[in-house]
K.L.:
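This is the structure I have questions about; it appears just below.
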Amino acid sequence: MSLFNIFNISGSAMSAQSVRLNTTASNLANANSVSSSIDETYRARSPIFAAALSDASGKYHGTELTNQTQAGQSAGVKVLGVVESDKPLQIEYAPNHPMADKNGYIYRSNVNTMEEMANMISASRSYQTNVQVADTAKTMTQRLLRLGQG
Amino acid sequence: MALSMDKLLGIQQYTLGIRTQRAELIANNIANADTPGYKAKGLDFQQALAQAQRGIQSHSLARTHEKHFSVEISPQGQEKFRVPSQPDTGDGNTVDVQVEQNLYAKNALEYEMTMNFLNGKISGVKKALGSGQA
């Protein structure tokens with residue numbers, strides 16, 4: 001329990017948000033990817049967040065969602081993994097397309113550009129908020145270090 | 001008359017610790033603003049302060065093997081779940097970032113205030129000890 005813990009907490013949140021931003025960038029970049037088979041088609045990716053617990057040394061442990069209610073141990077957020085969306089792909093009949101399969105179909109990724117844009121803004125705002133939290137914690141720590149000097 | 005640091009710093013020394021604890025709690029709420037199923041927590045200030053003054057702290061069990069669970073027994077009832085201001089947002093998360101941000105800023109100012117009180121007390125003693133030199 002100290003101010004330094006706040007740096008760990010908001011640091012973990014910042015890295016989680018940048019993972020999210022990363023997947024968003026990847027999704028947007030591949031929004032128009034085309035392939036000639038269902039298996040090879042790009043699918044929208046998104047990270048799964050979970051609250052993390054820490055032991056006294058500040059190491060993070062993953063936790064089941066049901067364990068979160070345990071009181072007294074709080075330590076940021078961690079990315080459990082990145083999952084691919086199972087929304088149906090867009091199948092298009094385009095026999096003239098160079099990527100068309102033998103039946104004349106091409107497969108487009110299931111990325112929803114609007115969703116990704118909203119995700120991007122949300123991730124960058126969350127990142128910003130956590131930077132502010134860390135900055136305030138820094139000010140508080142500096143103030144503590146100067147206690148009794150002024 | 002002996003100079004008692006404990007009496008000199010009074011209640012402010014405990015207040016500072018609780019403000020730190022609260023800052024950590026709110027930082028954690030903000031960090032988990034996008035975590036599904038996370039429930040925002042708050043600190044019962046009055047209870048925490050009373051317990052800090054009586055010297056009740058959290059205990060943790062010793063771990064003699066790396067596979068032991070780390071168990072921390074914190075004083076009862078300091079951390080409580082916030083009452084959500086909105087019905088379920090769909091993912092079971094009850095963090096309201098705006099509210100938490102404001103509380104965090106407020107807490108930082110209160111921390112500053114406590115610091116000023118402590119500083120005032122310390123500089124008072126310094127003045128007395130230095131017999132007006134500095």
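Just so it is clear, the model here is predicted, and its values are computed rather than measured. In the text below, chain A, chain B and the rest are named by the order of the sequence lines, each starting its count at 1.
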K.L.:
Under a plain distance cut-off of 3.5 Å, with no hydrogens placed, do B/Asn29 and B/Tyr38 share a side-chain donor-acceptor pair?
P.N.:
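Short answer, yes.
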K.L.:
Would you kindly confirm whether A/Met140 and B/Met115 end up in one hydrophobic cluster when ILVMFWY residues are joined by side chain heavy atoms under 4.5 Å apart?
P.N.:
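Yes, it is one cluster - the side chains of A/Met140 and B/Met115 are joined through contacts under 4.5 Å.
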K.L.:
Which of the residues B/Val125, B/Asp34, B/Leu16, B/Ile26 is involved in the greatest number of heavy-atom pairs with chain A at under 4.5 angstrom?
P.N.:
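Option with the top pair count is B/Asp34.
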K.L.:
Might you point out which heavy atoms bring A/Thr136 and B/Ala108 nearest each other, and give the distance in Å?
P.N.:
CG2-CB, 3.5 Å
K.L.:
For A/Ala137, which atoms come within 4.5 Å of any heavy atom of chain B: side chain, backbone, both, or neither?
P.N.:
both
K.L.:
Answer with side chain, backbone, both or neither: which region of A/Leu144 has an atom nearer than 4.5 Å to a non-hydrogen atom of chain B?
P.N.:
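Contact with chain B: backbone and side chain both.
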K.L.:
In terms of heavy-atom proximity below 4.5 Å to chain A, should B/Asn116 be classed as side chain, backbone, both, or neither?
P.N.:
both
K.L.:
Side chain, backbone, both or neither: which part of B/Ala33 has a heavy atom under 4.5 Å from chain A?
P.N.:
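No part of B/Ala33 comes within 4.5 Å of chain A.
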K.L.:
Do you know which of A/Asn130, A/Val133, A/Thr139 has the most heavy-atom pairs with chain B at a distance under 4.5 angstrom?
P.N.:
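Sorted descending by pairs with chain B, the first entry is A/Val133.
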K.L.:
Nearest 0.5 Å, what's the CZ-CG distance between A/Phe49 and A/Leu80?
P.N.:
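It comes to 10.0 Å.
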K.L.:
What are the two closest non-hydrogen atoms of B/Asn119 and A/Gln149, and how far apart are they?
P.N.:
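Heavy atoms of B/Asn119 and A/Gln149 come nearest at OD1-N, 4.0 Å.
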K.L.:
So, for A/Ala31 and A/Ser109, which heavy atoms are closest and what is the spacing to 0.1 Å?
P.N.:
O-OG, 3.1 Å
K.L.:
Using non-hydrogen atoms and a 4.5 Å limit, figure out which bit of A/Arg20 sits close to chain B: side chain, backbone, both or neither.
P.N.:
side chain
